[in-house]
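Heads up, the thing below is written out as structure tokens.
Letters go in sequence order (proteins before strands), and every chain restarts at 1. Note that the coordinates shown come from a computational prediction; the quantities given were computed from them, not determined experimentally.
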2 protein chains.
Amino acid sequence: MLTHTAIRTGFSRAANNASPRAHSGSFFDSISLMGAAMPYGRDAEIYGENEPADYVYRVISGAVRTYKVLGDGRRQIGAFYLPGDIFGLETGDEHSFSAEAISDAKILVVKRSALLALAERESEAARQLWSVTGQELRRVQDHILLLIKTAKERVGSFLLEMAKRHPGGNDVELPMSRQDIADYLGLTIETVSRTLTELENSASIKLASARHIVLRNRRALGVLNG
Amino acid sequence: MLTHTAIRTGFSRAANNASPRAHSGSFFDSISLMGAAMPYGRDAEIYGENEPADYVYRVISGAVRTYKVLGDGRRQIGAFYLPGDIFGLETGDEHSFSAEAISDAKILVVKRSALLALAERESEAARQLWSVTGQELRRVQDHILLLIKTAKERVGSFLLEMAKRHPGGNDVELPMSRQDIADYLGLTIETVSRTLTELENSASIKLASARHIVLRNRRALGVLNG
DNA sequence: CGTACCATTGACGACGGTCAAAAAACGTGG
DNA sequence: CCACGTTTTTTGACCGTCGTCAATGGTACG
């Protein structure tokens with residue numbers, strides 16, 4: 001139990017894409033039995049900002065966005081979560097972002113108190129909880145680096161990020177709308193659209209359809225990305 | 001030991017400003033004896049990006065910046081750390097940012113392995129390590145919200161943030177240069193300077209000197225800050 | 001086949017970046 | 001304490017990128 005080797009549970013086997021790249025997969029695989037798989041429809045709220053953080057979540061299938069809305073209506077998307085990813089794990093008592101299903105999704109829901117109890121007994125479990133938060137921290141730090149770049153760099157980096165997280169080589173299937181991408185990258189929908197067109201014109205990508213993008217020149221997408 | 005009430009050690013008493021607002025102050029107060037206070041000169045490197053994260057740090061006096069430099073030379077400052085703040089705590093084996101002293105500083109240096117060993121024995125210590133990373137996560141998330149705002153909003157939010165962290169009401173003593181502020185806010189030094197002048201002209205602040213700013217209208221600084 | 005919704009394209013303007021110079025602040029040594 | 005040189009900050013002029021407003025085009029679904 002709680003070994004490094006992933007323990008494949010019924011729930012994680014049911015996942016589309018639960019894969020080795022998931023956050024601390026072994027840990028959450030092993031505690032999958034503590035939770036239940038819940039279905040969420042497109043745009044359904046999973047939790048709201050400032051609500052009690054009583055549960056921790058893991059994407060089984062579909063995709064999730066977390067976000068905040070500022071006073072004047074601007075929305076900032078904090079992260080996209082794909083199958084295998086863990087989200088909603090807080091060290092405090094409340095969620096700091098809201099979470100919604102981007103598409104129809106199956107989400108494994110685990111009681112936070114169960115994890116905390118386990119962590120109290122098993123130091124390895126505590127280490128894994130810490131590790132999940134640490135990975136999230138690094139992800140958000142990378143996000144900051146995105147936000148100081150030019151529009152072309154942001155969109156390029158975003159596509160590379162999605163390609164890395166998604167299995168399927170150079171073919172990227174985007175689960176989210178242009179508006180979601182824009183709110184993630186701190187751009188407008190028009191700039192995202194224009195930039196994608198530019199990247200296609202420069203033969204860096206191919207827009208097979210609005211949500212299906214083929215990477216043709218990864219170097220061009222990653223230039224200057226430190 | 002490890003109680004909620006701060007245990008004032010010799011080291012923390014020596015601090016300029018170690019105060020209740022520090023990250024998990026009680027925890028790090030109690031393990032202060034495990035480390036040593038080290039002096040760092042202005043601009044001295046404390047650790048570099050990708051170096052082994054063998055130590056965890058706490059500011060006793062002075063100030064610290066963490067940063068990354070992108071391929072083309074742009075620098076992004078991840079955070080400023082003031083007396084009482086903990087930094088350099090990683091869940092992985094390497095530091096993800098570099099750290100430098102902004103001014104002459106005294107820093108408490110603690111062996112990470114000692115903390116990990118303690119966390120293995122005491123679940124409360126493990127919880128506190130997790131909590132420190134969680135607070136850092138929230139700080140970085142707030143930083144993201146800064147970066148999507150206009151220049152005036154970024155500078156205003158920055159001043160409010162510094163005023164909150166610094167004791168001293170409406171008088172803010174900035175330890176860092178305009179260049180540091182610019183690299184933290186994702187702006188240029190010129191835009192930061194111009195924006196401060198604008199804020200002074202609109203009577204929102206007073207520039208007593210370049211590094212000493214008096215807040216005159218906090219509402220104007222915080223408008224739209226969601 | 002029609003109707004929303006979503007994405008793309010266009011025209012234009014504003015915000016902030018760039019390049020350059022002046023002014024202020026700071027530190028050092030006479 | 002003042003004079004000097006260096007660094008930091010401020011100010012100015014100009015320009016490019018991206019946001020805004022508006023219209024067109026495309027796609028999915030009933």
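Note: A:E51 CD to A:H95 NE2 = 7.0 Å, rounded to the nearest 0.5 Å.
For the pair B:E200 CD and D:dT10 P, the computed distance is 9 Å after rounding to whole Å. One atom, CG of B:L199, and another, P of D:dT10, lie 12 Å apart when rounded to the nearest Å. The distance between atom CD1 of A:I181 and atom C1' of D:dC18, rounded to the nearest whole Å, is 17 Å.
A search for side chain to side chain contact (heavy atoms under 4.5 Å, CB included) contacts involving B:Y40 returns B:M38, B:A44, B:I46, B:Y57, B:A101, B:I107, B:V109, not counting sequence neighbours.
Ionic pairing of B:K111 and B:D54 is not present here: no N-O contact between side-chain nitrogen and carboxylate oxygen is shorter than 4.0 angstrom. For the pair A:R65 and A:D43, the salt-bridge criterion is met [side-chain N within less than 4.0 Å of a carboxylate O]. Taking 4.0 Å as the cut-off between side-chain N and carboxylate O, B:R75 and B:D180 count as a salt-bridged pair. A salt bridge links A:R139 with A:E136: the closest approach of a Lys/Arg side-chain nitrogen to an acidic carboxylate oxygen falls below 4.0 angstrom.
A 4.0 Å heavy-atom criterion places the boundary nucleotides of DNA chain C facing chain A at C:dA7 to C:dA11, written 5' to 3'.
Within 4.0 Å (heavy atoms only), B:R211 reaches sugar-phosphate atoms of the nucleic acid but no base atom. No contact: A:S209 has no heavy atom under 4.0 Å from any strand.
Remark: the A:E153 side chain and the A:T150 side chain contain an N/O donor-acceptor pair separated by less than 3.5 Å. Between the side chains of A:Y67 and A:Q76, no donor-acceptor pair is found at a separation under 3.5 Å.
Contacts between residues 188-197 of chain A and DNA chain C, defined by a heavy-atom separation under 4.0 Å, are made by A:E190, A:S193, A:R194, A:T197.
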Which protein N or O atoms sit under 3.5 Å from an N or O of nucleotides 28-30 of chain D?
none

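A rotation axis mapping the C1' atoms of four pairs onto the next four is fitted at both ends of the helix from C:dC1-D:dG30 to C:dG30-D:dC1 over five pairs, and the angle between these axes is 40° to 10 degrees.
Looking at A:R165, its side chain does come within 3.5 Å of a backbone N or O of A:F80 through a donor-acceptor pair.
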Could you pull out every donor-acceptor pair under 3.5 Å between side chains of residues 205-212 of chain A and any protein atom, sequence neighbours left out?
residue : atom : partner : partner atom : Å
A:S209  : OG   : A:H212  : N            : 3.4
A:R211  : NH1  : A:P175  : O            : 3.0
A:H212  : NE2  : A:D171  : OD2          : 2.9

